[in-house]
Amino acid sequence: MSHDPEITTDLIRKHGLNQEEFQRIRELLDREPTFTELGIFSAMWNEHCSYKSSKLWLKTLPVEGPQVICGPGENAGIVDIGDGQCLVFKMESHNHPSYIEPFQGAATGIGGILRDVFTMGARPVAAMNALSFGEPSHPKTKQLVNGVVEGIGSYGNCFGVPNVGGEVRFHKSYNGNCLVNAFAAGIANTDDIFYSAASGIGMPVVYLGAKTGRDGVGGATMASAEFDDTIEDKRPTVQVGDPFTEKRLMEATLELMQTGAVISIQDMGAAGLTCSAVEMGDKGGLGIILDLEKVPCREVGMTAYEMMLSESQERMLMVLHPHKEAEAKAVFDKWDLDFAIVGETIAEDRFLIRLNGEVMADLPLKALSGEAPEYDRPWVETPKPDAYTDTPDIDVADALLTLIGSPNHASKAWVWSQYDHMVLADTVIRPGSDAGVIRVHGTDKLLAFTSDVNPRYCFANPFEGGKQAVAEAFRNQCATGAKPLATTDNLNFGNPEKPIIMGQLVGCIKGIGEACRALDMPIVSGNVSLYNETDGTGIHPTPTIGAVGLLGHIDQLIRMVPNAGDTLILLGETTGHLGQSALLADVLNLEIGDAPNVDLTAERKAGELVRDLHAKGLITAAHDLSDGGIALGVADMCLAGNFGVTIANDTGLADVNWFFGEDQARYLLSVPAEKVDALIKTATASGVAATDIGKFGGDSITLNTSAVSVLALSTAFNAGIPAVAI
């Protein structure tokens, strides 16, 4: 300890702590902390681990329901999917690392979220990614897109999990801070779930997996800071991943769980050994002693500070039944992975860290989590924008051609074709539709996955934007025939110490909570990523919602591909809302007006109706309406079927408003002509407007009196992303 640096004001600041927090540490210890102790507090009290700015508001979210087995607080959330099976899932961010080092940042984001799932005893079956990049013309965008996509594909493909969906967007607010949100889901038996709470006194604490190095030291603290012109100095805080080691770690962990040796288990993610040990001890009401000379290291001369804060990948921490030690070690020897007893549980509220017999840290364990700051930060409500009431003077077919060729609305095949979406051989609907769908192997059940958010809406009106993110996830599930089960959230925002940014967070959480309650989609897991800003400029608020849904049989599946000759039916009310629309943003370069209002009662009625209409055999295909309104929605369907459609607007609304308005709670349906009357009668009885607006067929999309060929749309659609990335 004599070689520790002096703890100065500058050193405290570099550890992400303010003077008030440092004084609180002094009071808790009744002395000055050691350098290692400062690092441990820094890791546990940073925003990424403690949620100190958001915890107060996160507590307002709905987290329970008859389908929920485990809500927030564990490695991942768990919902019941029947037949003694459950789905384990979560979404987390790896934003800052991916901007600094795109390939490794994105790759280790995938590795971390997969560990969250199999740590609980579930075998991963699906992954998604929600990606936000800067504007296409920005000099760093191409490098980020290529590096992030390659990193995701490299890790996920080698590990062997299908990537079935997600989002890719471009906006200038992400120029200095891209977002990489990673989702993973796995299946387990409901009577075979593993949790992280330690139990039993004198039980061995076991280190599992890969060796510890210096990569990622201070990563969690870096993730809780803004970027500035010292960004390159942060490169060493990015972890390096090895998907083949992770694959072996998963197989070894799942095999180990069958031996009965595991009391509790926790993956080493953010803050590495520190966070995993503290969380296990805190949840079990126990203390922990660690002897760091027993930690397997791949580098010489590592200090206690480095070992405690390293975020080297593919590592786990476990509390072991002592009489099962030999059996457990044999499993990890077989998979050529490290297995080392590095400590034990104790009755005292104590986190004791020793290295070669010297005490490097001696802390009250509960203070590291239970005493972490919890702030009620000042916030101001986002001013309500003026309504947008103009009607742009633009040809609707020309506008559609421009919109569908823009990177935000063009085909994302260049991205997802680099991911393996068919591994495990259970993928039913691939990326590019309303939701990705997989079979539950060995059963008739299917699972649907989607992620959604519209940052423009959230920036203009956080409350309605938060509601809309959940509502759109609900629509995507229903349009696929799935009954929505639950959600996970990834709340990406700027600096919460700024009242306007904190107001965005509060508004979005309020909207998300209201929608989750109304649509019976509780939040069972998630992640908060704050300080996403560079040189004082924050990202657009981006609270990504990942949703999961269940289908009892493949007969319940609704596809997006219509039949030529079918009637096109519009479900829901259209007023032509253009404020914050894709038309304004991506065709006219305007981000003005208010976000559309989200009527959650109408959302629920319309979504349940779509599933009911399909159950009655009345529809061929369905597609939810969101960005780009009717025009972009029908173009998606026509490109999927490779034929056109003729649509008439006889509503009295201007064509631009009617075709591109983004009113919510709406769907497009492909309906056989002989079933139209029955469908409209059923919809009317349900209190949902259903209107015959056109007919599928031909080689052009005709929007009232304006037309564009399917070939021209397809060419533009397929060129959009390659123009940015290649």
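For clarity, every value in this text was computed on a predicted model and none was experimentally measured.
The backbone N or O of G105 sits less than 3.5 Å from a side-chain atom of H94, completing a donor-acceptor pair. Between the side chain of N175 and the main chain of K172, a donor-acceptor pair closer than 3.5 Å is present. Between the side chain of T534 and the backbone N or O of G176 there is at least one donor-acceptor pair closer than 3.5 Å. Checking side-chain atoms of T488 against main-chain N and O of M91 turns up a donor-acceptor pair under 3.5 Å. No side-chain donor-acceptor contact under 3.5 Å links T108 to the backbone of G111. A donor-acceptor pair under 3.5 Å is absent between the side-chain atoms of D282 and the main chain of S369, judged by distance alone. Between the side chain of N146 and the backbone N or O of A725 there is at least one donor-acceptor pair closer than 3.5 Å. Side-chain atoms of K467 do not come within 3.5 Å of backbone N or O of G511 as any donor-acceptor pair. In this structure a side-chain-to-backbone donor-acceptor pair under 3.5 Å is present from K283 to G73. The backbone N or O of D116 lies less than 3.5 Å from no partner atom in the side chain of N75, so there is not a single donor-acceptor pair.
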Handout entry: side-chain contact (heavy atoms from CB on, under 4.5 Å) evaluation trace for Q664 with R475
Key = CA-CA 10 Å; Q664 302 295 294; R475 286 200 299 275; 3.0 Å; yes

Exercise for the section: Begin with the C-alpha distance, continue with both residues' side-chain angles, and end with the deciding distance and a verdict on side chain to side chain donor-acceptor pair (under 3.5 Å) for N95 and S98. Expected result: CA-CA 5 Å; N95 303 335; S98 298; over 6 Å; no

Exercise for the section: Show the numbers, then the answer: is there a side-chain contact (heavy atoms from CB on, under 4.5 Å) between F183 and V548? Expected result: CA-CA 11 Å; F183 169 99; V548 302; 3.9 Å; yes

Exercise for the section: Begin from the C-alpha positions of Y174 and E135 and carry the test side chain to side chain donor-acceptor pair (under 3.5 Å) through to its verdict. Expected result: CA-CA 7 Å; Y174 308 106; E135 55 196 334; over 6 Å; no

Practice task
Quick one: do F22 and T9 satisfy side-chain contact (heavy atoms from CB on, under 4.5 Å)? Show the steps, please.
Solution key: CA-CA 9 Å; F22 184 69; T9 301; over 6 Å; no

Practice task
Evaluate the side-chain contact (heavy atoms from CB on, under 4.5 Å) criterion for residues D586 and H409: first the C-alpha distance (whole Å), next the side-chain angles of each, then the deciding distance (0.1 Å), finally the verdict.
Solution key: CA-CA 9 Å; D586 294 307; H409 307 290; 2.8 Å; yes

Handout entry: Intermediate values then yes/no, side chain to side chain donor-acceptor pair (under 3.5 Å), N181 and T544
Key = CA-CA 8 Å; N181 293 174; T544 308; 3.1 Å; yes

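In terms of heavy-atom proximity, L403 sits nearest to L583 at CD1-N, 4.4 Å. When every heavy atom of V164 is checked against every heavy atom of A126, the shortest pair comes out as CG2-CB, 4.2 Å. Nearest heavy-atom pair, K90 versus S525, reported as atom, atom and distance to 0.1 Å: CA-OG, 3.4 Å. Taking every heavy atom of both residues into account, W45 and A372 meet most closely at NE1-CA, 3.4 Å. Scanning all heavy atoms of the two residues, the minimum distance from L365 to V278 falls at CD2-O, 3.7 Å. The two residues A185 and V117 have their closest heavy-atom pair at C-CG1, 4.0 Å.
Annotation for F459: atom CZ does not count as buried by contact number, only 12 or fewer foreign heavy atoms lying within 6.0 Å. E27 CD: more than 12 foreign heavy atoms inside a 6.0 Å radius. Atom CG of D386 is surrounded by 12 or fewer heavy atoms from other residues, nucleotides or ligands within 6.0 Å. Residue-environment remark: CD (Q23) exceeds the threshold of 12 foreign heavy atoms within 6.0 Å.
Rounding to the nearest 0.5 Å gives a distance of 6.5 Å between OG1 of T141 and CG of L144. The CD1 atom of I545 lies 9.5 Å from the CG atom of N490; values are rounded to the nearest 0.5 Å. The distance from the CG atom of L131 to the CZ atom of F170 is 9.0 Å, given to the nearest 0.5 Å. One distance of note links CD of E311 with CG of L273; it measures 11.5 Å at 0.5 Å rounding. In this structure, OH on Y375 lies 8.0 Å from OG on S53, to the nearest 0.5 angstrom. Between the CD atom of Q504 and the CD1 atom of I539 there is a distance of 9.0 Å, given to the nearest 0.5 Å.
Under the 4.5 Å side-chain criterion, counting only non-hydrogen atoms from C-beta, Q580 is not in contact with N454. Within the 4.5 Å cutoff, no side-chain heavy atoms of E464 are placed close to those of P596. Within the 4.5 Å cutoff, the side chain of Q104 has heavy atoms near those of the E101 side chain. Side-chain contact between E514 and L600 is present, with at least one heavy-atom pair separated by less than 4.5 Å. Side-chain atoms of E662 and S626, non-hydrogen and from C-beta on, never get closer than 4.5 Å to each other. By the 4.5 Å heavy-atom criterion applied to side chains, C275 and M44 are counted as neighbours. Counting only heavy atoms from C-beta outward, the side chains of W379 and W57 approach each other to under 4.5 Å. Side-chain contact between F493 and C508 is present, with at least one heavy-atom pair separated by less than 4.5 Å.
By the 4.0 Å N-to-carboxylate-O rule, D520 lies close enough to R604 to be salt-bridged with it. A salt bridge between D627 and R456 is present, with a side-chain N of the basic residue lying under 4.0 Å from a carboxylate O of the acidic one. Here K366 does not pair with E371 in a salt bridge; the nearest charged N to carboxylate O distance is not below 4.0 Å. Using a cutoff of 4.0 Å between basic side-chain nitrogens and carboxylate oxygens, E533 and K498 are scored as salt-bridged. Between E47 and K52 there is no salt bridge, since none of the side-chain N atoms of the basic residue sits less than 4.0 Å from a carboxylate O of the acidic one.
Within the cation-pi definition used here (under 6.0 Å to the ring centroid, within 45° of the axis), K140 qualifies as a partner of Y99.
Annotation: Y305 is in aromatic contact with F35 [ring centroid separation under 6.0 Å].
Using modelled atom types, one finds no donor on one side chain facing an acceptor on the other under 3.5 Å when comparing R13 with Q19. Between the side chains of S196 and E74, at least one donor N or O lies within less than 3.5 Å of an accepting N or O.
For Y51, the side chain to side chain contact (heavy atoms under 4.5 Å, CB included) partners at least two apart in sequence or on another chain are S54, K55, L58, N527, V528.
The side chain to side chain donor-acceptor pair (under 3.5 Å) pairs that include a residue from residues 587-598 are H171-E591, K384-D594, N461-D594, H540-E591, where partners are two or more places apart or lie in different chains.
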